[in-house]
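So that the names make sense, note that chain A is the first sequence line, chain B the second, and so on, each numbered from 1.
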Amino acid sequence: MLEYVDKIRETARKLLDSGTVEVFIGYKKGSVPMMNEPVLIKDPDQADILWWDSNCALNLCNYLTKRKEKIGILATGCNSRNIVTHIIENQISREQLYIVGVPCKGMLDHRAIKRAVDNKEILEVSEDADTITVKGRDFEKTLEKKEFLQSNCAVCRHRNPVLYDELVADLVEEQEGVDPYKDVRAVESMDPDKKWAFFTRTIANCIRCYACRNACPLCYCPTCFVDESRPQWVGKSIDPTDTMTFHFLRAYHCAGRCTDCGACERVCPVGIPMRQFTKKLNKDAEELFSWEAGLALDQRPPLDVYRPDDYNDFIL
Amino acid sequence: MDNPYLPYPVRIEEIITETEDKNLKTFKFVFLNPEDEEKFSYIPGQFAELSVPGKGEIPIGIASSPTEKGFVSFTVNKVGLVTTHLHNMKVGEIMGIRGPLGNWYPWEEMEGKNVVIIGGGFAFTTLRSSIVYMLHPDNRPKFEDIIVVYGARSPGMLLYKDELAAWEQRDDIQMHITVDATDDPDWKYNVGFVPTITEQKITSSENAIAIVCGPPIMIKFTQPVLEKLGFPPERIILSLEMRMKCGIGMCGRCNIGDQYVCKDGPVFSLAQLKKMPPEY
Amino acid sequence: MENKVFSKDEWLEGIKALQSEYKVFVPVKAGDFHKFVRLEEQTIPDLDYQNTRLSPKSLVYPESERMFEFSTDENDPDYNILKEAQKDFGPQAIIGLRPCDAHGFLIVKRNFDNPEYKDPWWVRRYEASTLVGLGCNEPCGTCFCSSVGGGPFDEEGLDVLLFDLEDQYLAKALTEKGSTLLAKLDGGSEASDKELSKAEEVKKAAQEKISSKVDTSKLADKDVLELFNAPFWEDLAFACINCGTCTFLCPTCWCFDIQDEVYQKIGDRIRNWDACMFPLFTLHGSGHNPRSEKFQRVRQRFMHKLKYYVDKYGNGVQCSGCGRCVQFCPVNIDIRHVIELMNSH
Ligand SMILES: Cc1cc2nc3c(=O)[nH]c(=O)nc-3n(C[C@H](O)[C@H](O)[C@H](O)COP(=O)(O)OP(=O)(O)OC[C@H]3O[C@@H](n4cnc5c(N)ncnc54)[C@H](O)[C@@H]3O)c2cc1C
Ligand code: SF4
Ligand code: SF4
Ligand code: SF4
Ligand code: SF4
Ligand code: FES
């Protein structure tokens, strides 16, 4: 995806120069391997700090909430779906945005890559179309990118942006025949005790920093339920029940809205796979309502519409 | 090892509803262990953490004066979790207080000077403490004139009404009570905002020190009035509020620059504040 | 003070035997990263590591700690009276922590153990701890300890320093506490001159391997308001998601919150780590928040570490150069870059 860099810089420069946008949101190359920093630039001369590679796996839509200017923004498939959701939920208006679509071949799982070198410190990384080469003090290893995709990217069905004003490259081929819910079915088939044990184990290391929530463009509430003191929904210490409550409730708040962008897992300092929770609800939304979040501007998400002919009666 | 987080157990001795909207109540506490009263020896301007077990702790300025023995009192505005619960508590109930905490008004510097006290709304609490303290026969000779400007939204929102009336009668303190507005035909005192009344009533900064406590908006407009009168920033004294937890400079949340408001404050001179980041 | 040499097996056996007198904590590999755990029967210590993901500060200052307990039952004679929660402050040994993290304890000590107040829990646990450091033969690319008053074999704050000499450890006692611990270990022999000079070589080599350097020399002389009003804060803060990872992982961040929790009629007053990165940290009951904007919170973190702390204690920056925040900030906000901005502003 490195080949996108020149085009991204050129586009940002053009948009800022012409006044089409006042600010442009993209990434800057990080100071440590496999990390890049989201940036907002205002000046066409800054365009050269923009960067793109296979480690641009945060969700830039997160930086749009309630901004007032005219904004140019890079959007991969999942990021563009969150932008759609943001527009539907009135967090930003379509007119404010100039969306520069980035057809995506999947982002890399930096943890898996570190694992592949026994978690030894990686000091340098370079990539080409299909491989990534990592170097450390006493090793060098070349890995096939497709073996090291983030787990959400490996099962992604919308690599191309769904909403854009311009593209940085031709659309890529979508992945056919992926099975996004294999892991969810495995959990569904467990008996309650096993499920409980599974969830307890999954969140055992959680330090309740809420990085996962903060990295997520869906979590824009002015006061999150975990921060509410009257009434207090969850305790503040690291009692496992409270941690569980946080994870379940957060997942429910994302039901029918999550695009499985993976930003939450990417940012977790202790590597909790909390997509296990959101994916279950994505699966339900798909099975019960034929719904995948953020595909079109003119459809309301299933949990915020009421239809008299709804075949479910549980709410009445 | 002394545990600075451990509150002294106290019993609620009396609860006085101060204002017509019933949002401000004064709580008088008596220490369960009499020796704790000794340990809780304070100076006007300091605050304490009121501890309501199960709800939490809140920093509240001490409204009583060290010259009043046998109890300590606090006046609490109902705003959130702990204050609401406290307002629902009854005489006789047990809770805790922890302190005294923070610094105090610059009493040594104030000796031999005219003391100008400017207060607004419910921030009058530690000023009440200060006035009672200064008016005590042992202390009164240490100060020259005592001039007080105290304002509230309306007559019903003034704190300590009986005491205000009594101070009005004395000739060793000049009182200028004011309200923002009133339709009470019997209102005997001033009408107008605190900064305006200050401008009218305070005529000189000579040999004077001013203590100002009130909502940010009042402080903002009173400051230029005092500066115009010639009060140098060293002689304008303010008491600040920040969100607090530990009250002893450990938990890190109440800093302004390198100062912890709980420990290095809450009392600062304007001269000090001008050197600190404006983040309060 | 003595210098002793142990074979690695001897050393591991030795620290196991210490369990009768100390709570012993060691780094173990847990999934993708290392963490300190209490040494027990099945524990497999792994001293062949770079550093733990979370700093060992939690061994003295737990992430969540019960301060007091009380009963809210009106029929209880001690109803609503807080009592100190019973705790074990017996001796503990932290084996294999890195010099930067020991330096971290010294930084935090200025907060918790000061002339006016002593934090009873922190102080008791710290005093009960014997810190057995392990010098860093292979510092990370993100380590900048030697720029902030430390070094890969820095001794300050440690009771014992271990030198990894391939198949042996040379243990250098640095304090009384350290000697006492070493004296309890079976085996080992007095270090020979050869071993001592080998240790010096290892140390020198490590110091040369530190590739990351920062300059903090001008921070103390800067004007606080000029730094506070510097133009770079908003840009710098743009990417931050206020997750607090940088502060939770940091050995030198000390902020906490106090909360009451009641279950039926039994209550606890608890303190939990907290951080200036969170908007709630400074939110007043009135709704006013002196740091309501993200850039103000980011500025607070760096100003605290690199200016307020510097001014308050006159003893360097509130950072031991461990590099955790550099490695694990999910949006790559790099303190080394911020130091450069501030120091050259
Ligand atoms: C030095 C000082 C003196 C004060 N004196 C008085 C006084 O005399 N009378 C009075 O009514 N109020 C006073 N306050 C303000 C009072 O502390 C808050 O209104 C009170 O903490 C709100 O608590 P709550 O639980 O009802 O609100 P919530 O919003 O539910 O707050 C929950 C927690 O947040 C913290 N908190 C919230 N707001 C504040 C705040 N403004 N200041 C400090 N901590 C806060 C407290 O720890 C509280 O436990 C003073 C504050 C300070 C710092
Ligand atoms: S980011 Fe990770 S550690 Fe933090 S709250 Fe989420 S799951 Fe827990
Ligand atoms: S770790 Fe990074 S993103 Fe998280 S609060 Fe710190 S600076 Fe912000
Ligand atoms: S600020 Fe960062 S580098 Fe410094 S001690 Fe804390 S985590 Fe380590
Ligand atoms: S940087 Fe922030 S969290 Fe860390 S000690 Fe300072 S104020 Fe506390
Ligand atoms: S209230 Fe904890 S440091 Fe001030």
Closest-packed option against chain C by number of heavy-atom pairs under 4.5 Å, given [options]:
options: Met242(B), Met276(B), Met95(B); result: Met242(B)
options: Pro9(B), Gly252(B), Ser51(B), Pro53(B); result: Pro53(B)
options: Lys263(B), Arg253(B), Glu57(B), Lys275(B); result: Arg253(B)

Looking only at atom types and distance, does a side-chain atom of [X] sit under 3.5 Å from a main-chain N or O of [Y], one as donor and one as acceptor?
X: Trp121(C); Y: Arg66(C); answer: no
X: Ser64(B); Y: Val72(B); answer: no
X: Gln272(B); Y: Ser269(B); answer: yes
X: Asn343(C); Y: Leu219(C); answer: yes

Side chain, backbone, both or neither: which part of [X] has a non-hydrogen atom closer than 4.5 Å to chain C?
X: Asn77(B); value: neither
X: Ile256(B); value: neither
X: Cys254(B); value: neither
X: Lys274(B); value: backbone
X: Val82(B); value: neither

Taking side chain as everything from C-beta outward and backbone as N, CA, C, O, which of these in [X] sits under 4.5 Å from a heavy atom of chain B? Side chain, backbone, both or neither.
X: Phe68(C); value: side chain
X: Tyr79(C); value: both
X: Leu283(C); value: both
X: Met303(C); value: neither
X: Gln300(C); value: side chain
X: Thr72(C); value: side chain
X: Tyr117(C); value: both
X: Asn114(C); value: side chain
X: Arg299(C); value: side chain
X: Leu225(C); value: side chain
X: Glu261(C); value: neither

Regarding [X] and [Y], does a basic nitrogen lie under 4.0 Å from an acidic carboxylate oxygen?
X: Lys245(B); Y: Asp274(C); answer: no
X: Lys118(C); Y: Glu127(C); answer: no
X: Asp101(C); Y: Arg324(C); answer: yes
X: Asp119(C); Y: Arg271(C); answer: yes
X: Glu84(C); Y: Arg124(C); answer: yes
X: Asp260(C); Y: Lys55(B); answer: no
X: Lys218(C); Y: Asp221(C); answer: no

**Request:** Consider only side-chain N and O atoms of Ser71(C) and Asp73(C), and report whether a donor and an acceptor are under 3.5 Å apart.
**Result:** no
Among [options], which residue has the highest count of heavy-atom pairs closer than 4.5 Å to chain B?
options: Tyr313(C), Tyr308(C), Tyr309(C); answer: Tyr308(C)
options: Cys253(C), Gly267(C), Cys255(C); answer: Cys255(C)
options: Trp254(C), Phe228(C), Phe281(C); answer: Phe281(C)
options: Glu74(C), His284(C), Glu116(C); answer: His284(C)
options: Val224(C), Asp257(C), Leu227(C); answer: Asp257(C)
options: His304(C), Gln296(C), Arg269(C); answer: Arg269(C)

**Item:** Distance in Å, Tyr126(C) OH paired with Asp113(C) CG, rounded so as to fall on 0.5 Å steps
**Value:**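 The CG atom of Asp113(C) is 9.0 Å from OH of Tyr126(C), to the nearest 0.5 Å.
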**Message:** Could you walk me through whether Tyr42(B) and Phe40(B) satisfy the ring pair (Phe, Tyr, Trp, His ring centres under 6.0 Å) test, starting with their C-alpha distance in whole Å, then the side-chain angles of each, then the deciding distance to 0.1 Å, before giving a yes or no?
**Reply:** CA-CA 6 Å; Tyr42(B) 61 96; Phe40(B) 190 91; 5.7 Å; yes
**Message:** Could you work out, with ring pair (Phe, Tyr, Trp, His ring centres under 6.0 Å) as the rule, every residue matching Phe122(B), not counting sequence neighbours?
**Reply:**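 Phe122(B) satisfies ring pair (Phe, Tyr, Trp, His ring centres under 6.0 Å) with no other residue.
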